[in-house]
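Notes follow once the structure below has been shown.
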There are 2 protein chains.
Amino acid sequence: MKPPHVAILDDEPEVRRMLSDALEEAGFRTTSYGRAAEFEIGLKRSAPDVCLVDLGLPDRDGLALVHRLALESGAAIIIISGRAQVQDRVTGLELGADDYIIKPFDPAEVVARIRARLRKGRAEAERVLQTARFAGWVAQFDRYLLVAADGSEVPFSHAEGEVLRIFLESPKRLITRAQMQESLGGAAGDSFDRAMDVRISRLRTKLGEDPKNPRLIKTIYGAGYIFLGEVVWS
Amino acid sequence: MKPPHVAILDDEPEVRRMLSDALEEAGFRTTSYGRAAEFEIGLKRSAPDVCLVDLGLPDRDGLALVHRLALESGAAIIIISGRAQVQDRVTGLELGADDYIIKPFDPAEVVARIRARLRKGRAEAERVLQTARFAGWVAQFDRYLLVAADGSEVPFSHAEGEVLRIFLESPKRLITRAQMQESLGGAAGDSFDRAMDVRISRLRTKLGEDPKNPRLIKTIYGAGYIFLGEVVWS
DNA sequence: CGGGCGGATTACAATTCGTAACAATTGCGA
DNA sequence: TCGCAATTGTTACGAATTGTAATCCGCCCG
């Protein structure tokens with residue numbers, strides 16, 4: 001997979017350098033331009049995935065440029081501007097910019113915002129399967145399936161999945177019964193806690209736990225539960 | 001075309017009102033929630049196009065919620081937070097938020113940023129997508145026809161097509177029964193849910209699903225359905 | 001060492017879902 | 001207008017999952 005290409009348009013050389021340094025360190029390819037005329041020539045040679053555009057250009061009205069870019073280019077357009085008024089931001093976004101960052105900016109935030117833009121573009125294809133690995137198991141939450149170390153598959157139900165998710169999201173930490181009820185959306189009190197017990201019990205059997213010596217879901221008498229075991233999400 | 005639906009999650013009633021007023025004036029449908037628990041229940045009823053999430057929630061860690069939303073929901077996620085540090089913004093965006101707005105905010109900018117998000121998303125959807133490929137099938141919605149891998153053709157009806165389209169538009173994602181009913185325009189409640197079951201059942205038989213071990217349309221008891229399988233629209 | 005209490009497990013009941021059979025609706029052509 | 005066929009909704013019943021209640025087991029403290 002090729003690294004995404006970011007085009008930078010800003011008349012101040014220091015700003016250009018700061019941006020290109022940060023972006024290349026973050027794994028992007030960059031091309032920098034100081035004037036709108038060069039920028040447009042560069043666009044014809046290679047289509048960037050993201051355009052960072054400063055509005056205060058010497059040779060062209062920045063907003064008009066943004067508008068044309070939005071219509072003609074498929075790239076994500078991010079304005080970087082010293083003009084901080086709300087009205088400036090609103091018109092910039094209305095004209096087709098995908099984001100508006102105010103100077104002075106932090107390069108780390110620029111990187112994060114670029115990533116957010118690129119993510120949506122290819123989000124569906126790249127969406128990582130929501131899976132967790134622990135103690136030889138692989139839990140696939142998008143398929144409601146547990147895969148054992150030997151490859152055998154054990155389906156789990158929605159109720160069991162909710163409990164399992166809570167455990168896997170905070171392993172090695174005490175989870176009180178009240179917390180778990182809250183997460184499961186159940187009204188605390190009367191007889192719902194018994195339902196929770198049953199859910200945990202059924203989950204334990206699916207995980208092949210030895211009731212007398214549970215290795216994964218440990219009961220803390222009078223307090224709650226702890227999920228032991230290294231969890232790696234991917 | 002239905003107006004986009006924006007879900008608002010913020011514990012301060014004034015903020016909720018300010019947002020919903022501005023958004024509805026701008027032509028959006030809104031639903032407001034004060035607590036994460038209610039918000040998640042609302043998500044099961046109808047799938048919003050945009051989620052505005054405040055990080056300072058009383059009953060749940062906002063960032064964890066954002067992360068789950070990013071993975072499980074197809075909506076655009078915009079954080080609205082009083083935490084203004086760069087580090088906060090970066091982690092919020094890295095966890096899957098599409099934008100990060102700092103309190104105090106101007107409603108006009110919120111509207112503009114929501115529009116910017118929807119614009120990008122809709123650009124994809126606006127290409128008239130009439131055929132989808134999945135699991136060896138080709139679904140041609142303009143001809144109400146399913147073409148199998150061996151070339152044989154199976155016609156599907158309008159009702160079946162509606163269900164199929166919903167599945168193919170959000171594959172590998174839980175679709176609650178309420179969401180599906182809303183998409184199908186049916187009044188929830190009495191006996192319409194049985195009609196939906198029947199539609200799905202008939203679609204399953206046309207797809208040649210094994211009732212005991214469905215490979216494509218999986219039922220999540222008590223929750224909804226998931227369409228497994230890679231989908232490519234063209 | 002025994003009682004009380006909290007949790008685990010089992011059996012059963014309630015809910016939810018699948019599908020087959022049937023009824024209602026729609027659309028079309030004679 | 002009538003009748004036929006295709007589609008869709010409705011009802012009924014069986015199967016699967018989940019909650020509830022009853023019982024059993026084990027921990028903690030005296």
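These numbers come from a predicted model, not from an experiment. Proteins get letters first, then strands, A, B, ... in listed order; numbering begins at 1 in each.
A donor-acceptor contact under 3.5 Å links the side chain of B:Arg194 to the base of C:dG18. Evaluation of atom-type donor-acceptor distances gives no pair under 3.5 Å for the side chain of A:Tyr221 against the base of C:dG7.
The side chain of B:Arg199 places no N or O atom within less than 4.0 Å of a non-bridging phosphate oxygen (OP1 or OP2) of D:dT8. Considering only side-chain N and O atoms, A:Arg202 lies nowhere under 4.0 angstrom from the phosphate OP1 or OP2 of C:dA8. Residue B:Ser157 places no side-chain N or O under 4.0 Å from the OP1 or OP2 atom of D:dT7. The side chain of B:Thr219 contributes no N or O atom lying less than 4.0 Å from OP1 or OP2 of C:dT16. Between A:Arg177 and the phosphate of C:dG7, there is a side-chain N or O to OP1/OP2 separation shorter than 4.0 Å. The side chain of A:Tyr225 contributes an N or O atom lying less than 4.0 Å from OP1 or OP2 of C:dA8.
Between A:Ala159 and A:Lys212, the one whose closest nucleotide on DNA chain D sits nearer the 5' end is A:Ala159. Each of B:Phe156 and B:Gly222 was matched to the nucleotide of DNA chain D holding its nearest heavy atom; the match closer to the 5' end belongs to B:Phe156. Comparing B:Gly224 and A:Ile220, the nucleotide of DNA chain C nearest to each residue sits closer to the 5' end for A:Ile220.
The interatomic distance linking A:Arg204 (CZ) with D:dC25 (C1') rounds to 13 Å, in whole Å. Spacing between atom CD1 of A:Ile217 and atom P of C:dA8 amounts to 10 Å, rounded to whole angstrom units. Protein atom NE2 of B:His158 is 11 Å distant from nucleotide atom P of C:dG27, rounded to whole Å. Straight-line distance from the CE atom of A:Met196 to the P atom of D:dT20: 13 Å, rounded to whole Å. For the pair A:Glu209 CD and C:dG7 P, the computed distance is 18 Å after rounding to whole Å. Look at CG on B:Leu207: it is 12 Å from P on C:dT19, rounded to the nearest Å. Atom-to-atom, CG of A:Leu203 to P of D:dG19 comes out at 13 Å; the value is rounded to the nearest Å. Atom CG of A:Asp197 is separated from atom P of D:dA22 by 16 Å (rounded to the nearest Å).
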Steps toward ring pair (Phe, Tyr, Trp, His ring centres under 6.0 Å) verdict (B:Phe141, B:Trp233): CA-CA 11 Å; B:Phe141 283 94; B:Trp233 285 88; 5.7 Å; yes
B:Arg117 vs A:Asp98, side chain to side chain contact (heavy atoms under 4.5 Å, CB included): CA-CA, chis, key distance, verdict: CA-CA 7 Å; B:Arg117 287 297 86 71; A:Asp98 296 296; 3.9 Å; yes
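For the residue pair B:Tyr225 / B:Arg177, a side-chain donor-acceptor distance below 3.5 Å is found, with atom types taken as modelled.
For A:Val198, the listed nucleotide lying nearest its side chain is D:dA21; candidates were C:dC17, D:dA21, D:dT10.
Between B:Glu160 and B:Arg199, no side-chain nitrogen of the basic residue sits less than 4.0 Å from a carboxylate oxygen of the acidic one, so the salt-bridge criterion is not met.
Panel note: side chain A:Lys218, backbone A:Leu228; no donor-acceptor pair is recorded below 3.5 Å.
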